[in-house]
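Working notes, structure below.
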There are 2 protein chains.
Amino acid sequence: MATVQVPEIVVRRLPLYLRELMKMGAEGREITSSQELGARLGISSAQIRKDLSHFGEFGKQGTGYNVDSLAGELKRILKVEKAWDVVVVGIGDLGRAVARNTGFVDRGLRIVALFDSDSAKIGNRVGDLTVETTADMVASIRTHGVRVAMLAVPAREAQAVAEKLVEAGIQAILCYTPTSLSLPVNVRVEYLDPVLRMQQMTYYL
Amino acid sequence: MATVQVPEIVVRRLPLYLRELMKMGAEGREITSSQELGARLGISSAQIRKDLSHFGEFGKQGTGYNVDSLAGELKRILKVEKAWDVVVVGIGDLGRAVARNTGFVDRGLRIVALFDSDSAKIGNRVGDLTVETTADMVASIRTHGVRVAMLAVPAREAQAVAEKLVEAGIQAILCYTPTSLSLPVNVRVEYLDPVLRMQQMTYYL
DNA sequence: GCATGTGAACGGATTCACAGCG
DNA sequence: CGCTGTGAATCCGTTCACATGC
């Protein structure tokens, strides 16, 4: 195993392995192999073994991997054994859908606060949370030490809101808004623009 | 320019270039350069020039690129000059948010029908569309010749529904459900799992 | 002068193939 | 024997650097 520095592209595949392993666990499977896991994900078995080898030796030769223990190792590596506190900013249709999503907690993310700048929305309940005003956002995030945010505000506000989040101490932003953000390099940003993904496919139609 | 076969990774970047060019156009910019575009996207200028070179010569030496005409070329390459008809299957919180999104049409995607299997939802209006029953889905998609779908059903139904979509003639699926689908190789699938993206970031926290 | 388009050089990721071990 | 873990080989993508032409 290499302790040098793990290529980002490897880290990007680990959550996928984890998701499939959790699914296998739910199916009652106890053992799997790099071959089987790869087949389910459309990835080569060598790729999976090589990826895992960056972090240690988790398998038994001749046997394969224990599903639950490998899932546990991946959770540990990805730091999602416990759930991170997450804030959602922008409670429009999409933000509301995100906030209502019950699939986050099991996977290491717990939504703890919702913010919006529209006074008409302040005080609205979504799931078991109440929408708060963005005026209080920075202080609230800082007080609670939240480090992860989901951003679902209109495109023209995205950059400004993101800067406020960074000011508040947020270090990872999942951006649902179709815009490139310009932020300090120590802040990580991932984008989810469905149209980009669609346009990747229309090329091939 | 190479007519051989464009690497998929290049195709995946084109929609991003297009999105930024449209934004520049909206800002009133007429000319740009690979350098400027790259700076806005966090991509090297050489990368952008090389990517574009797979499809032709769109710039003027010493000057750069005309924003609108390069955007037009990319739309043509990605086949999004006209909007594709798209169906949305699964009208829960997320599907409803997707269906209400007004940002699709300008970018080459027009939602034309909504389907759900829950009889309580059939007939509900979302935006200016009415939710239809999945019982009619295959026939309806086939009749209208729709080739693109967005899938936002619960995980356990995703595979079965996706197979019905394929049967109906769908060739590209954007899957909002956190599951790997197993479909014929001629059907393209892109996945949008926010948790995967988040877990890529928690590794670095 | 300036920015494109591109062959060549480089670096990194994937695949191969096998030693090692249960 | 079967499957992992891993160096070596291969493949592929990015960057370099410059000729070309506005």
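Below, read A as the first sequence line, B as the second, and so on, with proteins coming before strands; counting in each chain starts at 1.
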**OP:** Flag this pair as yes if the NZ/CZ of A/K60 is under 6.0 angstrom from the six-membered ring centre of A/Y65 and inside a 45 degree cone about the axis; otherwise no.
**Re:**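 No, cation not above the ring by the 6.0 Å, 45° rule.
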
Any ion pair linking [Y] and [X] (charged N to carboxylate O, less than 4.0 Å)?
X     : Y      : result
B/R96 : A/D93  : no
A/R40 : A/E27  : yes
B/R76 : B/E73  : yes
B/E8  : B/R188 : yes

Distance-only donor-acceptor test, [X] side-chain atoms vs [N] base atoms, 3.5 Å:
X     : N      : value
A/E57 : D/dG5  : no
B/Q47 : D/dT14 : no
B/K60 : C/dG5  : no

Provide, to the nearest angstrom, the distance between the [atom1] atom belonging to [X] and the [atom2] atom belonging to [N].
X     : N      : atom1 : atom2 : answer
A/Q5  : C/dG12 : CD    : P     : 11 Å
B/L37 : C/dA3  : CG    : C1'   : 14 Å
B/E73 : C/dG5  : CD    : P     : 11 Å
B/L52 : C/dT4  : CG    : P     : 9 Å
A/D51 : D/dT4  : CG    : C1'   : 14 Å
B/H54 : D/dC12 : NE2   : C1'   : 11 Å
B/L70 : C/dA3  : CG    : C1'   : 14 Å
B/N66 : D/dC22 : CG    : C1'   : 15 Å

Select one nucleotide: of [options], the one nearest the side-chain heavy atoms of [X].
X     : options                : answer
B/P7  : D/dT6, D/dG13, D/dG2   : D/dG13
A/I9  : C/dT15, D/dT4, C/dA13  : C/dA13
B/A46 : C/dT14, D/dT14, D/dT15 : D/dT15

Original post:
Can you name the closest pair of heavy atoms from B/L129 and B/A113 and give their distance?
Top reply: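 Minimum heavy-atom separation between B/L129 and B/A113: CD1-N, 4.0 Å.
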
Original post:
Do the side-chain N or O atoms of B/Y65 get closer than 4.0 angstrom to the phosphate oxygens (OP1, OP2) of D/dC22?
Top reply: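 So the side-chain polar atoms of B/Y65 never come under 4.0 Å of the phosphate oxygens OP1 or OP2 of D/dC22.
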
Original post:
What residues form a salt bridge (charged side-chain N to carboxylate O under 4.0 Å, His left out) with B/R197, not counting sequence neighbours?
Top reply: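 With neighbours one apart ignored, the set is A/E190.
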
Original post:
If each of B/K50 and A/T63 is mapped to the nucleotide of DNA chain C with the nearest heavy atom, which maps nearer the 5' terminus, i.e. the 5' end?
Top reply: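 This one resolves to B/K50.
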
Subject >> Contact nearer the 5' end of DNA chain C, comparing A/Q61 with A/R13 >> reply: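 The residue whose closest nucleotide sits nearer the 5' end is A/R13.
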
**OP:** Give, ordered by number, those residues of residues 26-35 of chain A having at least one heavy-atom distance below 4.0 Å to an atom of DNA chain D; if nothing qualifies, reply none.
**Re:**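 Within this stretch, A/S33, A/S34 sit under 4.0 Å of the strand.
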
